[in-house]
Amino acid sequence: MKKIISVFLSVFIMISAVTASNVSATAETEGDWEYSVSDQEVCITKYTGYENDVVIPSQLGGLPVTSIGDCAFKKCDRIVSVVIPDGVKTIGNGAFEECVSLVNITIPNSVTYLGSSAFSNCENLTGNITIPYGVENIYYQTFNQCEKLTSVTLPNSVTYIGDNAFFRCNSLTDINIPDSVKTIGKFAFYGCSFTSITIPDGITSIKEDTFLHCRSLTSVNIPNSVTNIEKEAFAGCSSLININVPDSVKIIGEGAFASCSSLININVPDSVKIIGEDAFHNTAYYKSSNNWQDDMLYLGDRLIDAKEYITDYVKIREGTRFITDCAFKKCKELIGIAIPESVEYIGLNAFVDCKQLRIVNILSHDAKIEFFAFPDNISYTIRCLEGSTAEEYAKKKGVNYETVIFSLHDEANIASIEYVGSDTFDKDTKFVVQEITDGDLMQSIQQDFPDKVVQIYNFSFENFNKTEESLKEYLFSLTANKKASPDNCKLYLESNGHYSVIPFEYEGGKIKFTTVFLGNYVIVKDKYGMGDVDGNGCVNTTDALTVLQSCVDIIELDEQQFKAADVDSSGDISSYDALKILQFTVEMIDNFSAQQ
């Protein structure tokens, strides 16, 4: 019995609801107007007439018109002007969408609601549009592609400007964004033609593509409330010359200012921790060679881009604090990278496509390294400090790593000293290398090694505040600028006319040796040593050419030259010997004896 009563009550409630609905909203027609009535107010649902100039009545059926319904005038392509009576409160979604001939419309002060796409694609709508006070939201595509609209006045009641709200309003040269606005959507002002814009305080994020291709924009005022400038927010603003990013901003998104071809002055504060891929690509700043060093683009203490053709081992300049997202993404042939102690952040995908990467030297102890900063599925080694974030990163990623040594170079890059630990040298310490080519010391050493080729280098430090005895062994790498085979080359430490033999290895054109002493290091080479056919103590392409000339009987070698030219020890001279000398010259091989 209870179940029957329950079903009866449900049916009664449904019938009552339908009846009430029919009472509160009825469909009516009067002249060219279709409308509905609800609570003694009229909503125009469709215009069926063919007039060019339309005056919307203030009453229909003796009741006040308070609303223009969704799509009521959509695609009424004959209408040129519309007068909306005072008393209308609502203009619905798509109400005048695609009224392609509409030129003039006046929105009365009674309006408090504008629906999405209300005037979308009214491509001939011109002049000034004043939005009445009381309207709070400019929704999605409200004035989308109103290509001839020149001016819009927004009241202080507006808090929200939606996605595509003024998309491709190509003639829009004048618009105010009131302080009441808290949100501006994606593509909101795409392609507009105003020359300056002030973003109101209270906006926290400048959305993706908000001002994309505003080609007349020359001035932007960004408030301290903004923390994020999203992807391509100002891309293609080709007249923008200066940009001052406030201290509140933490993120500048991918391509945020890309193709701002006049943008030359960029101020980015320390608060910005992340700069996305190509954020300033193809700007005037990007194209200025003054901002590039060793094919890397710097913005203050940030490295933001690198040329795709980098193939060798490169060193990031001292003082760099941030390596931005995707900075080396295009460098697919990069072999090695040296990251200095000053670096605090290595961004997302910074080296992600560097598939030829083999060695990464990270001198920074506490740098934050994004998990996907370096490539996966390749074999490379991270050299880092023990206990550093780089070591932790290598362990998490399963990457080969070494916690051993780092380098200090002299200014002329003649030599380097590699050392253990992060605090062996102070940041102001300089490694000084002086090549001694004349004077009493050179004459004295040359007398001690007659008929030899002698090179002298003095090693010392500036601003060195520790005792020499407190240091661990130095591993020196000395560039042999007069290339010589280790088969006929010796290294000595000279002190007051006394010489100590220093064992060394020869690798990649560098003499490498370990010692705990500073002072004068002397390289002594035999004349007419292996490969040194012209007897000048240096093996180079001239020696290879001399061998080739001998092979075709252009010149004749004496006994010393012959012995030097026979690098394969075959007892004969051939083009093969010339080839080996060339290989040694370009560092394809490090000595001749290993090739026999």
Side-chain angles (χ1 to χ4, degrees), residues 228-231 250-258 266 268 270-282 285-286 291-385 388-401 406:
N228 187 3
I229 301 174
E230 294 187 11
K231 176 181 177 181
K250 298 178 181 179
I251 300 171
I252 298 177
E254 177 184 345
F257 296 91
I266 303 170
V268 176
D270 288 345
S271 62
V272 175
K273 304 303 182 186
I274 298 174
I275 298 179
E277 180 180 4
D278 291 333
F280 298 97
H281 187 71
N282 278 339
Y285 185 93
Y286 176 92
N291 302 317
W292 292 82
Q293 181 177 320
D294 298 328
D295 295 320
M296 291 173 280
L297 179 63
Y298 292 90
L299 179 61
D301 54 12
R302 294 167 171 80
L303 194 162
I304 63 174
D305 208 343
K307 297 291 188 183
E308 62 183 14
Y309 49 71
I310 290 180
T311 59
D312 297 327
Y313 179 87
V314 297
K315 298 174 183 177
I316 295 172
R317 74 183 183 191
E318 294 290 338
T320 301
R321 296 173 60 200
F322 304 98
I323 302 172
T324 62
D325 293 358
C326 306
F328 289 86
K329 185 178 180 180
K330 299 186 289 287
C331 304
K332 300 184 186 299
E333 303 299 321
L334 181 67
I335 295 173
I337 188 77
I339 299 173
E341 184 178 7
S342 56
V343 168
E344 301 173 10
Y345 176 78
I346 302 174
L348 182 67
N349 295 329
F351 300 92
V352 70
D353 288 335
C354 301
K355 301 300 184 183
Q356 301 302 316
L357 197 62
R358 294 295 175 264
I359 185 71
V360 178
N361 286 334
I362 304 178
L363 188 54
S364 173
H365 190 274
D366 299 316
K368 178 182 177 181
I369 306 173
E370 294 289 352
F371 190 74
F372 293 107
F374 293 95
D376 292 325
N377 303 319
I378 68 166
S379 177
Y380 66 98
T381 300
I382 292 177
R383 301 174 73 211
C384 55
L385 299 176
S388 65
T389 53
E391 180 184 9
E392 181 182 355
Y393 175 86
K395 289 177 179 179
K396 285 182 179 179
K397 295 280 285 189
V399 174
N400 297 326
Y401 72 95
F406 288 94

Option from Arg302, Arg321, Glu370 for which side chain to side chain donor-acceptor pair (under 3.5 Å) with Tyr345 holds: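 Going through the options one by one, the only one that passes is Glu370.
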Side-chain (Ser388) to main-chain (His365) donor-acceptor, under 3.5 angstrom: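 It does not hold such a pair.
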Whether Tyr298 side chain and Arg317 backbone form a donor-acceptor pair below 3.5 Å: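 Pair found, side chain donor or acceptor close to backbone of Arg317.
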Which pair of heavy atoms, one from [X] and one from [Y], lies closest together, and at what distance?
X	Y	answer
Leu334	Gly336	CD1-O, 3.6 Å
Leu363	Leu385	O-CD1, 3.3 Å
Ile346	Ala373	CG2-CB, 3.9 Å
Ala390	Cys384	CB-CB, 3.6 Å
Ile335	Thr311	CG1-O, 3.0 Å
Cys331	Cys354	O-SG, 3.3 Å

Working to the nearest 0.5 Å, report the span between [atom1] of [X] and [atom2] of [Y].
X	Y	atom1	atom2	result
Ile316	Met296	CD1	CE	6.5 Å
Glu341	Asp366	CD	CG	9.5 Å
Tyr285	Ile266	OH	CD1	6.5 Å
Ile304	Leu299	CD1	CG	5.0 Å
Asp301	Asp270	CG	CG	6.0 Å
Asn349	Thr324	CG	OG1	11.0 Å

Test log, rule side chain to side chain contact (heavy atoms under 4.5 Å, CB included), inputs Tyr309 and Lys332: CA-CA 8 Å; Tyr309 49 71; Lys332 300 184 186 299; over 6 Å; no
Residue pairs involving residues 320-340 (criterion ring pair (Phe, Tyr, Trp, His ring centres under 6.0 Å); sequence neighbours excluded):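 For residues 320-340: Phe328-Phe351.
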Compare all side-chain heavy atoms of [X] with those of [Y] and state whether any distance is below 4.5 angstrom.
X	Y	value
Ile251	Glu230	no
Ile252	Val268	yes
Leu357	Pro375	yes
Ile382	Ile362	yes

One thing to verify: whether [Y] and [X] come together as a salt bridge, which I'm taking to mean a side-chain N less than 4.0 angstrom from a carboxylate O.
X	Y	answer
Asp278	Lys330	yes
Glu277	Lys329	yes
Lys307	Asp295	no

Chi angles and distances behind the side chain to side chain contact (heavy atoms under 4.5 Å, CB included) call for Asp294, Lys315: CA-CA 8 Å; Asp294 298 328; Lys315 298 174 183 177; over 6 Å; no
Strictly under 6.0 Å, is that where the ring centroids of [X] and [Y] end up?
X	Y	value
Trp292	Tyr286	yes
Phe280	Phe257	yes
Tyr401	Tyr393	no

Partner of Leu303 under side chain to side chain contact (heavy atoms under 4.5 Å, CB included), chosen from Ile339, Leu297, Val343, Thr320: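 Going through Ile339, Leu297, Val343, Thr320 one by one, the side chain to side chain contact (heavy atoms under 4.5 Å, CB included) with Leu303 is satisfied by Thr320 alone.
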Lys368 atom NZ: more than 12 heavy-atom contacts under 6.0 Å: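 No, NZ of Lys368 has 12 or fewer neighbouring heavy atoms, counting only those of other groups under 6.0 Å.
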Atom NZ of Lys250 with >12 non-hydrogen neighbours under 6.0 angstrom: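 Open.
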Residues Thr381, Val360; criterion side chain to side chain contact (heavy atoms under 4.5 Å, CB included); working and verdict: CA-CA 6 Å; Thr381 300; Val360 178; over 6 Å; no
Residue list, side-chain hydrogen bond (donor to acceptor under 3.5 Å, both in side chains) with Asp312, at least two apart or on another chain: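 Partners of Asp312 by the side-chain hydrogen bond (donor to acceptor under 3.5 Å, both in side chains) criterion come out as none, since no residue qualifies.
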Side chain to side chain contact (heavy atoms under 4.5 Å, CB included) assessment of Arg358 paired with Tyr313: CA-CA 9 Å; Arg358 294 295 175 264; Tyr313 179 87; over 6 Å; no
